[in-house]
**Student:** 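One structure is given below, represented as structure tokens, and several questions about it will come after.
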2 protein chains.
Amino acid sequence: MIVGNQHYRSIWFDEQSQHVKIIDQRWLPHRFSIVELTNRDAFIAAIGDMWVRGAPLIGATAAYAFYVQMTKDPSHQSLDQTYDILLATRPTAVNLQWALNDMRALLAPLPEGERPEAALTRARQICEQDVECNRMIGVHGLTLIKKIAAHKNPFEPVNILTHCNAGWLATVDWGTATSPIYHAVQEDIGVHIYVDETRPRNQGAQLTAWELAQQNISHQLIVDNAGGHFMQQGDIDLVITGTDRTTGSGDVCNKIGTYLKALAAHDNNIPFYVALPSTTIDWSLSDGIAQIPIEQRDGLEVTKIWGKLGDGSVAQVQICPDNTPVANPAFDVTPARLVTGLITERGICDASKQGLRELFPEFSHD
Amino acid sequence: MIVGNQHYRSIWFDEQSQHVKIIDQRWLPHRFSIVELTNRDAFIAAIGDMWVRGAPLIGATAAYAFYVQMTKDPSHQSLDQTYDILLATRPTAVNLQWALNDMRALLAPLPEGERPEAALTRARQICEQDVECNRMIGVHGLTLIKKIAAHKNPFEPVNILTHCNAGWLATVDWGTATSPIYHAVQEDIGVHIYVDETRPRNQGAQLTAWELAQQNISHQLIVDNAGGHFMQQGDIDLVITGTDRTTGSGDVCNKIGTYLKALAAHDNNIPFYVALPSTTIDWSLSDGIAQIPIEQRDGLEVTKIWGKLGDGSVAQVQICPDNTPVANPAFDVTPARLVTGLITERGICDASKQGLRELFPEFSHD
């Protein structure tokens, strides 16, 4: 998507320098910083410390990590180690595991000498697939927005609430939840986005608000507490979120707080959709609440908030007493019964085993 | 309650200086600051800019404002002006209006010379009544905690989630939602409190966490997004919140985000109680969502967060891009159907016209 006047992806292989480059998202929106990831440790830090985040982008980044590591040490041991170390960086998103399995399965049978080039080719393919996949999510999701627009006064925008950042910064391009929005804008359908700030890391305030401003899309930042109120007041037509892992039965694991918005949407008869590439589906699971491991992150994410000081420098402020004990789960699970539908690259389906089976017969087994 | 080793109230008349003193809550938890309010403008700032907050404390502060103003100008015009100006400071809490009506009705018939002393006496009475009222809320609410404790392993605490600060800092003493907790601790019943940070102003992180730490009560700070997840996981036994205005039909207007926690409690069969002095009930209303005016506050509360820098100084950081548009409603309404019960100074009742009528027959009319 657009930053300033230029088109960017969130990760790319720079032909000139022959290095993998990413947008270091930790400094957004205050600084737009591009960094090269030149060794495995850098990739581990980039994923674990969230220089990049978002399930699809984590998968793409992990794929490139194999490439860089294979250029340094293409041995079988190095392959296995890379797999294990990367797998441990983030436990919840299933795309990471998907990309790791894909890369290892491709590379393991190859002679060591062929591994670097094969890894690069495959990492690039994964990125292209991600872009195409998210484009198709947008094409399908657009039909929902069009339908709502058709029932509204033509001068009123379609009001959409989103949680966290499931934007192009969470993928390689387009985003998942934002792709239908970006497609609607391209077709001149008026939209207005309510952006949940998404504590503790404020990805809504830092990333989604920034993305939408860069594309010139009407939006308002709200605290995570406010979405229910706006739904009650009739101010929201549609909720679209992303997901980090969705079970084969349609339970949606996503950024902490998503469940609360789904409850509010349900209570107010507002459609609640989840946009996802099928790589995010964990076909082996049928009960999200019982089976999906929820990442517990550092309490400092809650007690200290990053932002820009009056002088333009970036700093963190502590919002509570010293030594306040904290619990900081990063994700929650929205049961399928609260999800109106899943927007995938193949179309929209019910959040159910049956619904998913119809779109993805090759993955569905009884 | 206790601060350091000393007992404090949130507002008091200092006999020595003959001035009204408050804890300036804007600087908590980083600074414990006591200020004198010596003229009407100071009271207006104290209420409007939230040096004091919490429906009961706002009412008590407004009562003292009349006293201070009457010592300067006890005229009828001054009385009416004070009423109007104070009424405009905060639109949602009904205690403010209650206190204003009470003071004006008392003072208007009196000769000007008697007004200052009568105002002081009445303001003190209002404070004493508030303390006694909140003590009784604690006595009644304690029965709920005892009942839950009786069904748990004796070594497991009763896990209680609370939103915002309905603690002693929101009242004159004891608090509303915290009063049952403080009473439980006095009876050696183990409790553990999940403290919602309560964006945008972080009163949970700044005030409730501080209060609980001062009284040495086990607690964890969580982001507002996390409560639903903990409820799903069986980590919460009981939710208690305060309220800024409750309708005669039991709809509860409280800090933004309360509705989302009530939905989650309902979805997980967790009792959701609201603690309130009866002065918080607006008997004239029967539909909270349609009838209660929701205060819209400055967007800067959302975009900029106060806290302590590494060097100990207090500053604010901006968490989003420059010029991000914001919507900032301060309260939401939880429909009575989601409220398990109301804990009042007279006992616990259903959140319904019928339930309230039984406890408060003198206010209930068909």
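A, B, ... follow the sequence lines: proteins, then strands. Residue 1 opens every chain.
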**Student:** With chain B as the partner, which of Ala315(A), Gly299(A), Cys320(A) has the greatest number of non-hydrogen pairs under 4.5 Å?
**Tutor:**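 Option with the greatest count: Cys320(A).
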
**Student:** Can you say whether His163(A) sits under 4.5 Å from chain B via the side chain, the backbone, both, or neither, judging by heavy atoms?
**Tutor:**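 The answer is the side chain of His163(A).
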
**Student:** What is the distance from atom CZ of Arg199(A) to atom CZ of Arg199(B), rounded to the nearest 0.5 Å?
**Tutor:**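 Output value for this atom pair is 7.0 Å.
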
**Student:** With only heavy atoms counted, which part of Asn323(A) is less than 4.5 Å from chain B, the side chain, the backbone, both or neither?
**Tutor:**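 The answer is neither part of Asn323(A).
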
**Student:** Work out which heavy atom in Ile305(B) is nearest to a heavy atom in Ile305(A); give both atom names and the distance.
**Tutor:**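 Looking at all heavy atoms of both residues, the shortest contact is CD1-CD1, 3.5 Å.
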
**Student:** What closest approach, in Å, do His229(B) and Tyr259(A) show between heavy atoms, and which atom pair accounts for it?
**Tutor:**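 Taking every non-hydrogen atom into account, N-CD2, 4.3 Å.
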
**Student:** Should we say atom NZ of Lys304(B) is surrounded by more than 12 heavy atoms from elsewhere, each under 6.0 Å from it?
**Tutor:**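 It does not: Lys304(B) NZ has 12 such atoms or fewer within range.
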
**Student:** Is it the backbone or the side chain of Arg337(A) that comes under 4.5 Å from a heavy atom of chain B, or both, or neither?
**Tutor:**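 Just the side chain, heavy atoms under 4.5 Å.
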
**Student:** Side chain, backbone, both or neither: which part of Leu212(A) has a heavy atom under 4.5 Å from chain B?
**Tutor:**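 Contact with chain B: none, neither part.
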
**Student:** Measure distances from Ala209(B) to the heavy atoms of chain A and classify the residue's part below 4.5 Å as side chain, backbone, both or neither.
**Tutor:**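 Contact with chain A: backbone and side chain both.
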
**Student:** Between chain B and each of Gly204(A), Pro325(A), Gly257(A), count heavy-atom pairs under 4.5 Å; write down the option with the most.
**Tutor:**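 Option with the greatest count: Pro325(A).
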
**Student:** Would you name the heavy atoms of Leu309(A) and Gln316(B) that are closest together and state the gap between them?
**Tutor:**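 Looking at all heavy atoms of both residues, the closest pair is CD2-O, 3.8 Å.
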
**Student:** Give the minimum heavy-atom separation between Asp322(A) and Lys308(B), together with the two atoms involved.
**Tutor:**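 So the two residues come closest at OD1-NZ, 2.7 Å.
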
**Student:** Please classify the contact between Trp210(A) and chain B as side chain, backbone, both or neither, with a heavy-atom cut-off of under 4.5 Å.
**Tutor:**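 Both parts, backbone and side chain.
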
**Student:** Is Ala226(A) close to chain B through its backbone or its side chain, or both, or neither, when contacts mean heavy atoms under 4.5 Å?
**Tutor:**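 Contact with chain B: backbone and side chain both.
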
**Student:** Is atom NE2 of His192(A) surrounded by more than 12 heavy atoms (other residues, nucleotides or ligands) closer than 6.0 Å?
**Tutor:**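 More than 12 heavy atoms, drawn from other residues, nucleotides or ligands, come within 6.0 Å of this atom.
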
**Student:** Working to the nearest 0.5 angstrom, can you tell me the gap between Asn328(A) CG and Leu221(B) CG?
**Tutor:**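 That separation rounds to 9.5 Å.
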
**Student:** First locate atom CG of Asn268(B), then atom CD1 of Ile289(A), and finally report the distance between them rounded to the nearest 0.5 Å.
**Tutor:**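 Rounded to the nearest 0.5 Å, the CG-CD1 separation comes to 7.5 Å.
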
**Student:** Find the distance between CG (Asp224(B)) and CD1 (Ile256(A)) and round it off to the nearest 0.5 Å.
**Tutor:**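 Result: 11.0 Å between the selected atoms.
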
**Student:** Check whether more than 12 heavy atoms from other residues, nucleotides or ligands sit under 6.0 Å from atom NE2 of His266(A), and answer yes or no.
**Tutor:**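 No.
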
**Student:** For the atom pair CG (Leu260(B)) and CG (Leu263(A)), what is the distance rounded to the nearest 0.5 Å?
**Tutor:**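 Going from CG on Leu260(B) over to CG on Leu263(A), the span is 8.0 Å.
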
**Student:** Side chain, backbone, both or neither: which part of Phe230(A) has a non-hydrogen atom closer than 4.5 Å to chain B?
**Tutor:**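 It is the side chain, since no backbone atom gets that close.
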
**Student:** What are the two closest non-hydrogen atoms of Pro200(B) and Val223(A), and how far apart are they?
**Tutor:**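 It is CB-CG1, 3.7 Å.
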
**Student:** With only heavy atoms counted, which part of Glu301(A) is less than 4.5 Å from chain B, the side chain, the backbone, both or neither?
**Tutor:**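 The answer is neither part of Glu301(A).
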
**Student:** Pick from Ala327(B), Ala290(B), Gly227(B): which one has the most heavy-atom pairs with chain A under 4.5 Å?
**Tutor:**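 The option with the most such pairs is Ala327(B).
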
**Student:** Between Gln206(A) and chain B, with a heavy-atom cut-off of 4.5 Å, which part of the residue counts as in contact: side chain, backbone, both or neither?
**Tutor:**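 For Gln206(A), backbone and side chain are both near chain B.
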
**Student:** Of the backbone (N, CA, C, O) and the side chain (C-beta and beyond), which part of His219(A) lies under 4.5 Å from a heavy atom of chain B, both, or neither?
**Tutor:**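 Answer is both: backbone and side chain atoms of His219(A) are under 4.5 Å from chain B.
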
**Student:** Could you tell me which non-hydrogen atom of Ile319(A) sits nearest to which non-hydrogen atom of Pro29(B), and how far apart they are?
**Tutor:**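 That closest heavy-atom pairing would be O-CD, 4.4 Å.
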
